[in-house]
**Q** 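Input: one structure, supplied below.
Heads up: numbering here begins at 1 and tracks the sequence.
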Amino acid sequence: MSQFVDECQLNVRGGDGGAGCVSFRREGPVVMGGPNGGDGGNGGDIWLVADHNVASLLAFKDHPHRKAERGVHGKGKDLHGRRGQSLEIKVPIGTKASDLYTGEVYAELNNQGDRWLAAAGGRGGRGDHKFLSNKRRAPSFAEQGEHGEERWLKLELRLMADVALVGFPNVGKSTLISVISAAKPKIADYPFTTLEPNLGVVRLDDDTEFVVADIPGLIEGASEGRGLGHQFLRHVERARVLCLMIDLTPTAEVWPNEQQRILLEELGNYQPDLLERPRVVIGTKADMVVDGDLEVMEWSGQVMSSITGDGVSSLVGQLAALVHDARQAVDYEDGLIVIRPEPSGAMVAREDDGSFRLLGRDVERVVALNDVTTPEALAYIDYRLEKLGVPKMLAKAGAEEGDVIWIGGFSFDYAPDR
């Protein structure tokens, strides 16, 4: 079974906040003292963290759910609940996280230690002592904990390699990487032997080494998804240097110059800037070419044979020089972290069924954090909504008496002020 996974789904859920406590002082001669209920702790966050010690997304293939610890409820005597422990999920360098359903990209973690907040924990509820006022001397309610964020993510891994070996199936990529590195990929004389990328470290001396990726064979139409093209091509995106390998055997279905044209066309169609990368074009399997074959095939480029070793040292030297220059040009690869500020305050939207929905972090929290089953808490909700200007907003939006108003999953009938 394959132990390399470069695409998976991940469900993340921040920890729920702990509920605030309703409590009153009862000590000594004080039978009914003031409120002293503690606040609930905030729920734990979930972070994705790029770690060079993680090589694959295998850990999420059969276990896609991750949940942070919830906050502890508040207690009497002003004892606040402990915050839920945050969860750090380690992913390979080069991981892209996007929304599973919309495809919107949230983050690209391209460097060691890059981190992205995947799901924020819910806020802990305030205890009853926070609602003490001159008009409310003995508040009998507290806030509930807020639910943590939850979302489904699609994770995609793009390998970080100095050199990507690109060519048609059965062109000799796996053989070459086995010769120039310690990698031992599966090698056989039929197309699509390699169904997953292989990495090999080429070491020339104490100061010179680079990573080579054996990318599974591309075919015409790969940029449009043929032959699992998209899954293979994304591993070329982050390579510093491209090595195009051309099959020179007379029995090849496509002649060398046509192979080169197709490979460049597919790379350009997939991502145009790939054509601007430094590249080497090399003809392979020179040991199977007899005198005159190259002239017939109109191939004038350099050649090599992984079997006899002819041209291999020269190729490795060329790749090492190009990698060195590319590393000097780019020391740090830009990543992507998308920050989306939550809309504050409140806004009104009209639903298809004629009802109204109040949107915005502040107004949604008024209902999410409070107990809507007690009269005193409902009175506090009315007070908070009025402070946010909700009644005026609903009247301006055309709400009439009896219209249904939604806030999150809670609804009520609109009754305008008289």
**Q** Are any non-hydrogen side-chain atoms of L176 and M245 less than 4.5 angstrom apart?
**A** yes
**Q** Report yes if some heavy atom in the side chain of I246 is under 4.5 Å from a heavy atom in the side chain of I282; otherwise report no.
**A**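 No, their side chains stay 4.5 Å or more apart.
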**Q** Using a cut-off of 6.0 Å, state whether more than 12 heavy atoms not belonging to Q85 lie near its atom CD.
**A**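 Count not over threshold, so no.
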**Q** Hey, does the side chain of R261 reach the backbone of N257 with a donor-acceptor pair shorter than 3.5 angstrom?
**A** no
**Q** Closest heavy-atom contact between T95 and P92?
**A** OG1-O, 2.7 Å
**Q** In terms of ring plane angle, is the pair F131 and F141 parallel, tilted or perpendicular, where the classes change at 30° and 60°?
**A** tilted
**Q** Taking all heavy atoms of N170 and all of K285, pick out the closest pair and write down the distance.
**A**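 Heavy-atom minimum between the residues: O-NZ, 2.6 Å.
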**Q** If you measure from OG on S23 to CG on D78, what distance do you get to the nearest 0.5 Å?
**A** 8.0 Å
**Q** Looking only at heavy atoms, what is the nearest atom pair of T284 and D247, with distance?
**A**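 Taking every non-hydrogen atom into account, OG1-CA, 3.7 Å.
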**Q** Can you tell me how far apart CG (D114) and CD1 (I93) are? Round to the nearest 0.5 Å.
**A** 8.0 Å
**Q** Please check this pair: side chain of S314 against backbone of G311, looking for a donor-acceptor N/O pair closer than 3.5 Å.
**A** no
**Q** For P35 and H129, which heavy atoms make the closest approach, and how far apart are they?
**A**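 Where P35 meets H129 most closely, the heavy atoms are O-CB, 3.6 Å.
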**Q** Only one of V171, L242, V212 forms a side-chain contact (heavy atoms from CB on, under 4.5 Å) with L165, so which one is it?
**A**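 The option that passes is V212.
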**Q** Could you go through the salt bridge (Lys or Arg N to Asp or Glu O under 4.0 Å) check for K96 and E7 one step at a time?
**A** CA-CA 10 Å; K96 178 173 75 173; E7 183 177 304; over 6 Å; no
**Q** Between V281 and Q260, does a side chain to side chain contact (heavy atoms under 4.5 Å, CB included) hold up when you go through it step by step?
**A** CA-CA 8 Å; V281 181; Q260 181 176 347; 3.8 Å; yes
**Q** For the residue pair W152 and H65, does the interplanar ring angle fall in the parallel (under 30°), tilted (30 to 60°) or perpendicular (over 60°) class?
**A**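 Taking H65 first and then W152, their aromatic rings stand perpendicular (interplane angle over 60°).
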**Q** Has R151 got its NZ or CZ under 6.0 Å from the middle of the six-membered ring of Y106, at an angle within 45 degrees of the ring axis?
**A**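 R151 over Y106 ring: yes.
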**Q** Just do the side chain to side chain contact (heavy atoms under 4.5 Å, CB included) check on E150 and V12 with the steps written out, would you?
**A** CA-CA 6 Å; E150 181 178 12; V12 290; over 6 Å; no
**Q** Which distance, rounded to the nearest 0.5 Å, do you find between the CH2 of W299 and the CG of L248?
**A** 6.5 Å
**Q** Quick one: closest heavy-atom pair of R66 and A59, and the distance?
**A** NH2-O, 3.3 Å
**Q** Using every non-hydrogen atom in the two residues, find where V312 and S305 come nearest and quote the distance to one decimal.
**A**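 Nearest pair, atom of V312 first, then S305: CG2-O, 3.6 Å.
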**Q** Side chain to side chain contact (heavy atoms under 4.5 Å, CB included) between L109 and L48: does it pass, once the steps are laid out?
**A** CA-CA 9 Å; L109 308 177; L48 295 189; 3.9 Å; yes
**Q** Look up atom CZ in R83 and atom CG in D39, then write down how far apart they are to the nearest 0.5 Å.
**A**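 CG of D39 is found 13.5 Å from CZ of R83.
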**Q** With a 4.5 Å limit on heavy-atom distance, are the side chains of V202 and V163 in contact?
**A**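 V202 vs V163: side chains apart.
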**Q** Is any side-chain heavy atom of V363 less than 4.5 Å from a side-chain heavy atom of V390?
**A** yes
**Q** Is Q259 reaching over with its side chain to a backbone N or O of V254, donor-acceptor style, under 3.5 angstrom?
**A** yes
**Q** Look at the side chain of D413 and the backbone N and O of V404, then say whether any donor-acceptor pair between them is shorter than 3.5 Å.
**A** no
**Q** Ignoring hydrogens and angles, tell me if any N or O in the side chain of D16 forms a donor-acceptor pair with the backbone of G148 under 3.5 Å.
**A**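 Judged by distance alone, yes, a pair lies under 3.5 Å.
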**Q** Is the shortest heavy-atom distance from the side chain of F60 to the side chain of V91 under 4.5 Å?
**A**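 With C-beta onward as the side chain, the pair touches.
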**Q** What verdict does the side chain to side chain contact (heavy atoms under 4.5 Å, CB included) test give for L153 and N11, after you've listed the backbone C-alpha separation in whole Å, the side-chain angles of each residue and the deciding distance to 0.1 Å?
**A** CA-CA 6 Å; L153 302 173; N11 174 255; over 6 Å; no
**Q** Quick check: do S140 and D128 have side-chain heavy atoms less than 4.5 Å from each other?
**A** no
**Q** For K392, enumerate each residue passing the salt bridge (charged side-chain N to carboxylate O under 4.0 Å, His left out) test, keeping only those at least two apart in sequence or located in another chain.
**A** none
**Q** Heavy-atom count check: over 12 atoms from other residues, nucleotides or ligands less than 6.0 Å from D352 CG?
**A**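 Atom CG in D352 is not packed in, count stays at 12 or less.
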**Q** Is the backbone N or O of E400 less than 3.5 Å from a side-chain atom of D403, with the two atoms forming a donor-acceptor pair by type?
**A** yes
**Q** Check whether R384 reaches the backbone of L388 with its side chain - one donor and one acceptor, N or O, closer than 3.5 Å.
**A**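 Answer holds: no.
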**Q** Can you tell which of E364, E149, E143, E146 makes a salt bridge (Lys or Arg N to Asp or Glu O under 4.0 Å) with R123?
**A**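 Of all the options given, the one that passes is E143.
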**Q** Can you find a heavy atom in the side chain of K61 that is under 4.5 Å from one in the side chain of C8?
**A**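 No, every pair of side-chain atoms sits at 4.5 Å or beyond.
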**Q** Determine whether the aromatic ring centres of Y414 and F356 lie less than 6.0 Å apart.
**A** no
**Q** Would you check if the side chain of H73 reaches a backbone N or O of G18 as a donor-acceptor pair within less than 3.5 Å?
**A**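 Answer holds: no.
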**Q** How long is the gap from CG on L394 to CG on L358, to the nearest 0.5 Å?
**A** 5.0 Å
**Q** To the nearest 0.5 angstrom, please state how far the CG atom of L244 sits from the CD1 atom of I262.
**A** 12.0 Å
